[in-house]
**Student:** 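Have a look at this one before I ask anything.
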Amino acid sequence: MSENDSKLKLTKSNVTGIISGVVFFFIAFFIVTKLTSKNMTNEEFLKEIRTMSNKNPPVMLDDVTRFDSVSIIDNKGLCFNYTLVSLSKDELDFESISKNIDPAVKKNTLEKDENKVYRDRKIPLTYKYFDKNGVLVHTIFVSEKEY
């Protein structure tokens with residue numbers, strides 16, 4: 001097997017885990033936000049999501065993907081931070097990640113009911129993935145304009 005085949009295999013084997021992680025956290029947020037979001041300003045809402053999300057991390061989502069934290073960007077968006085705990089930047093096939101993971105994460109964000117609260121509030125979402133050495137290796141951005 002060539003080096004590229006190895007990279008592709010590693011990336012494809014983690015697509016499900018990465019997407020599942022995004023879905024998992026949106027379902028948790030959906031439950032809470034349904035109960036609390038109606039009378040909050042966007043700034044209060046973002047702070048509440050950040051506080052709730054950061055209570056229990058890090059959380060392993062699969063053998064490779066760890067959810068680390070949520071941060072607020074420019075007082076108007078959320079950033080979900082993940083680590084690929086057993087992979088370094090050199091082991092990743094970025095073309096495959098962009099081709100397989102980006103569309104799935106965006107589709108999930110734009111179509112799933114549990115994400116409606118973010119769409120209704122026009123909150124931009126960023127997903128950042130770091131390698132095992134803490135190097136930022138990939139970012140997915142869903143703009144409020146895409147809603």
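Counting begins at 1 with the first residue of the sequence. Source: prediction; values computed, not measured.
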**Student:** Do the side-chain N and O atoms of Glu95 and Ser98 include a donor-acceptor pair separated by under 3.5 angstrom?
**Tutor:**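 Per modelled atom types, Glu95 and Ser98 side chains form no pair under 3.5 Å.
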**Student:** Can you spot which of Phe80, Tyr82, Phe94, Phe67 makes a ring pair (Phe, Tyr, Trp, His ring centres under 6.0 Å) with Tyr129?
**Tutor:**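 The option that passes is Tyr82.
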**Student:** Can you name the nearest heavy-atom pair linking Asn133 to Asp131, along with the distance?
**Tutor:**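 That closest heavy-atom pairing would be N-OD1, 2.8 Å.
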**Student:** Step by step, would you call Asp102 with Ile97 a side chain to side chain contact (heavy atoms under 4.5 Å, CB included)?
**Tutor:** CA-CA 7 Å; Asp102 290 22; Ile97 290 172; 4.3 Å; yes
**Student:** How long is the gap from OH on Tyr147 to CG on Asp120, to the nearest 0.5 Å?
**Tutor:**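 Answer rounded to 0.5 Å: 10.0 Å.
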**Student:** Are there over 12 heavy-atom neighbours, none belonging to Glu146, within less than 6.0 Å of that residue's CD?
**Tutor:**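 Atom CD in Glu146 is crowded, with more than 12 foreign heavy atoms closer than 6.0 Å.
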**Student:** Among Leu125, Val142, Ile101, which one satisfies side chain to side chain contact (heavy atoms under 4.5 Å, CB included) with Lys106?
**Tutor:**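 One option only clears the test, and that one is Val142.
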**Student:** Can you find a pair of side-chain heavy atoms, one from Ile72 and one from Glu43, that are under 4.5 Å apart?
**Tutor:**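 Side chain of Ile72 against side chain of Glu43, heavy atoms only: no contact under 4.5 Å found.
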**Student:** Show your reasoning for whether side chain to side chain contact (heavy atoms under 4.5 Å, CB included) applies to Asn81 and Ser71.
**Tutor:** CA-CA 8 Å; Asn81 300 294; Ser71 54; 3.7 Å; yes
**Student:** Run the side chain to side chain contact (heavy atoms under 4.5 Å, CB included) test on Leu46 and Asn75 for me, step by step, so that the C-alpha distance in whole Å, both residues' side-chain angles and the decisive distance to 0.1 Å come before the verdict.
**Tutor:** CA-CA 8 Å; Leu46 293 172; Asn75 288 323; 5.7 Å; no
**Student:** Could you walk me through whether Lys47 and Arg50 satisfy the side chain to side chain contact (heavy atoms under 4.5 Å, CB included) test, starting with their C-alpha distance in whole Å, then the side-chain angles of each, then the deciding distance to 0.1 Å, before giving a yes or no?
**Tutor:** CA-CA 5 Å; Lys47 287 179 181 177; Arg50 180 187 60 197; 3.9 Å; yes
**Student:** Report whether Phe130 and Val70 are members of the same hydrophobic cluster (ILVMFWY, side-chain heavy atoms less than 4.5 Å apart, transitive linking).
**Tutor:**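 No, it is not one cluster - the side chains of Phe130 and Val70 are not joined through contacts under 4.5 Å.
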**Student:** Does Glu144 have any side-chain hydrogen bond (donor to acceptor under 3.5 Å, both in side chains) partners at least two apart in sequence or in another chain, and if so, which?
**Tutor:**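 If we apply the side-chain hydrogen bond (donor to acceptor under 3.5 Å, both in side chains) test to Glu144, skipping adjacent residues, there are no hits.
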**Student:** Would a 4.5 Å heavy-atom cut-off, applied to side chains only, mark Leu84 and Glu91 as touching?
**Tutor:**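 With C-beta onward as the side chain, the pair stays apart.
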**Student:** Without swapping roles, check the side chain of Asn42 against the backbone of Arg121 for a donor-acceptor pair under 3.5 Å.
**Tutor:**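 Indeed, once roles are kept as given, a pair shorter than 3.5 Å links the two residues.
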**Student:** Enter the distance from Lys128:NZ to Asp68:CG here, rounded to the nearest 0.5 Å.
**Tutor:**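 So the NZ of Lys128 and the CG of Asp68 are separated by 12.5 Å.
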**Student:** Quick one: pull up OG1 in Thr41 and CD in Glu48 and give me the separation to the nearest 0.5 Å.
**Tutor:**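 Between atom OG1 of Thr41 and atom CD of Glu48 there are 11.5 Å.
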**Student:** Report yes if some heavy atom in the side chain of Ile49 is under 4.5 Å from a heavy atom in the side chain of Met52; otherwise report no.
**Tutor:**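 SC-SC contact between Ile49 and Met52 confirmed.
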